[in-house]
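All remarks here apply to the structure that follows.
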Amino acid sequence: MSDANRTQMLTADPNRTQMGVAPTLDPNRTMMGTAPSLNATQIIKPTQCPVCKTFNPAGVMFCVDCGLIFDRALPGDAFGAPAIQLPMLVEQLGREHALRPGTTVVGREGDVSIPDGKVSRRHAQITNENGALAIEDLGSTNGTKVNGDRLAPGERRSLSGGEKISFGGIELQLNLPGAKGGNTTQVFSSNKTAAIAAAPRKEVAPATLVGEGREVALKAGSNSFGRKAENDVQISDPYVSGRHGTIEIATDGVYLTDTGSTNGTMLNDAKLSPNMRTAITEEDVIRLGSMEFRVKLNPEP
């Protein structure tokens, strides 16, 4: 008989969830953990492009700035520089834009970004199919030229490398990997350090533009200056025009030219006439608004 005052032993019900004791932690046993939660904070290391040094979000396949495809970048050469194997559009100042396989759009809002008002948002496109390159104008406002020959809207033209391509007047050069005279890094056939016949000599600029707390090297020939970044010397001041003037370092002297700027260029106390090439010396003061500059000639090494 059942005694109501006696503790009853219950039999296990196989269909009922049983409460067990907490598992003991065995330090010698491999434990299976749970997958990371999407809500947990993850530490992600960005990827730095070996070409333009831009830091990219983790997991991207190509650089968001120059377009280099990371899994196609080969090991570095004997001096640690990356060996670039992609076709490149090269700006006059040396900046490179990689043309990845498939279609690359060039324009103000393209894969290759050219932030200039003369360039359309989607100006042209370059296709790279199995190493064969072709360019097509996408109905741009100011047109696309290949070696000075303007393309008709929608016209497709093959490229072989070395062409100078103008997008609305902004000129870039097409360099192919391994092309003679290209700007790509050359890969040595051996892993041994190559002997150098003569010690490298540091190049010294023939002149320097000095003023406003900075010094900018001037190359031989014409040096453009102005507010826009494509100038040889960029002066970020609202008084200065986008392309304000040029400083020419010639064999017979130094010459200053105002290229039709809005607010003009003062040489000492006189305003230069537009497009008049004027000889200057180290003592002359170039005035752009309230800013003052001088050109200093550097001695030859």
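All heavy atoms count here, side chains included; hydrogens, waters and symmetry mates do not. The model shown is predicted, which means the values in this text are computed figures rather than measured ones.
- Listed for the N275 side chain is no donor-acceptor partner under 3.5 Å among the backbone atoms of S273.
- Hydrophobic clustering, with ILVMFWY side chains joined whenever heavy atoms are under 4.5 angstrom apart, groups L176 together with V112.
- Expressed to the nearest 0.5 Å, how far CD of E163 lies from CG of N175 amounts to 10.0 Å.
- Heavy-atom minimum distance, A250 versus Y255: CB-CE1, 4.1 Å.
- Side-chain contact of T104 with N128: a donor-acceptor pair under 3.5 Å is absent, judged by distance alone.
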task: Take H244 and D258, measure what side chain to side chain contact (heavy atoms under 4.5 Å, CB included) needs, and give me the verdict at the end.
output: CA-CA 6 Å; H244 198 101; D258 182 285; 3.7 Å; yes

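- When side chains are defined from C-beta on, V254 does not count as touching L218, because their heavy atoms never get closer than 4.5 Å.
- One finds the CD1 atom of I165 at 4.0 Å from the CD1 atom of I135 (value rounded to the nearest 0.5 Å).
- Other residues, nucleotides and ligands contribute over 12 non-hydrogen atoms within 6.0 Å of the CG atom of D149.
- Here the CD atom belonging to E136 is positioned 10.0 Å from the OG1 atom belonging to T144, to the nearest 0.5 angstrom.
- In this structure, T262 contributes its side chain and S241 its backbone to no donor-acceptor pair below 3.5 Å.
- For the pair G168 and N142, the tightest heavy-atom approach, listed with the atom from each and the gap, is CA-CB, 3.8 Å.
- Remark: of the listed residues D137, D116, L138, D137 is the sole one forming a side-chain contact (heavy atoms from CB on, under 4.5 Å) with H123.
- Without hydrogens or angle criteria, E215 side chain to T208 main chain gives no donor-acceptor distance under 3.5 Å.
- Between the side chain of R108 and the backbone N or O of S113, no donor-acceptor pair lies under 3.5 Å.
- Cluster annotation: I286 and V216 are assigned to the same hydrophobic cluster (Ile/Leu/Val/Met/Phe/Trp/Tyr, side-chain heavy-atom contacts under 4.5 Å, transitive).
- Taking CG of N231 as the reference point, atom CD of Q92 lies at 10.5 Å (rounded to 0.5 Å).
- Shown here is R122, whose CZ atom has no more than 12 heavy atoms of other residues, nucleotides or ligands within 6.0 Å.
- Nearest heavy-atom pair across S236 and R227 is CA-CG, 4.3 Å.
- M266 and I280 fall into different hydrophobic clusters, where Ile, Leu, Val, Met, Phe, Trp and Tyr residues are linked whenever their side-chain heavy atoms come under 4.5 Å apart, directly or through other members.
- When all heavy atoms of T257 and R277 are compared, the closest pair comes out as OG1-CA, 3.4 Å.
- Both L151 and L174 belong to a single network of hydrophobic side chains, linked directly or stepwise wherever heavy atoms of I, L, V, M, F, W or Y lie under 4.5 Å apart.
- Here the closest non-hydrogen pair linking F167 and V119 is O-CG2, 3.4 Å.
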- prompt: Can K296 and N298 be said to form a side chain to side chain contact (heavy atoms under 4.5 Å, CB included), step by step?
  reply: CA-CA 6 Å; K296 181 181 70 174; N298 299 322; 3.8 Å; yes

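- Here CE of M276 is found 12.0 Å from CG of L267. Values are rounded to the nearest 0.5 Å.
- Separating the CG atom in D111 from the CD atom in Q125 is a distance of 10.0 Å, to the nearest 0.5 Å.
- Atom NZ of K219 has more than 12 heavy atoms from other residues, nucleotides or ligands within 6.0 Å.
- The main-chain N or O of S224 is found under 3.5 Å from a side-chain atom of D232 such that the two form a donor-acceptor pair.
- Under the 4.5 Å side-chain criterion, counting only non-hydrogen atoms from C-beta, E91 is in contact with H97.
- V240 and L272 end up in the same hydrophobic cluster when Ile, Leu, Val, Met, Phe, Trp and Tyr side chains are linked at under 4.5 Å.
- Side-chain atoms of D284 come within 3.5 Å of backbone N or O of T281 as a donor-acceptor pair.
- Under the 4.5 Å side-chain criterion, counting only non-hydrogen atoms from C-beta, I235 is not in contact with E212.
- Summarising the geometry of F293 relative to L209, their closest heavy-atom pair is CB-CD1, 3.7 Å, with the distance given to 0.1 Å.
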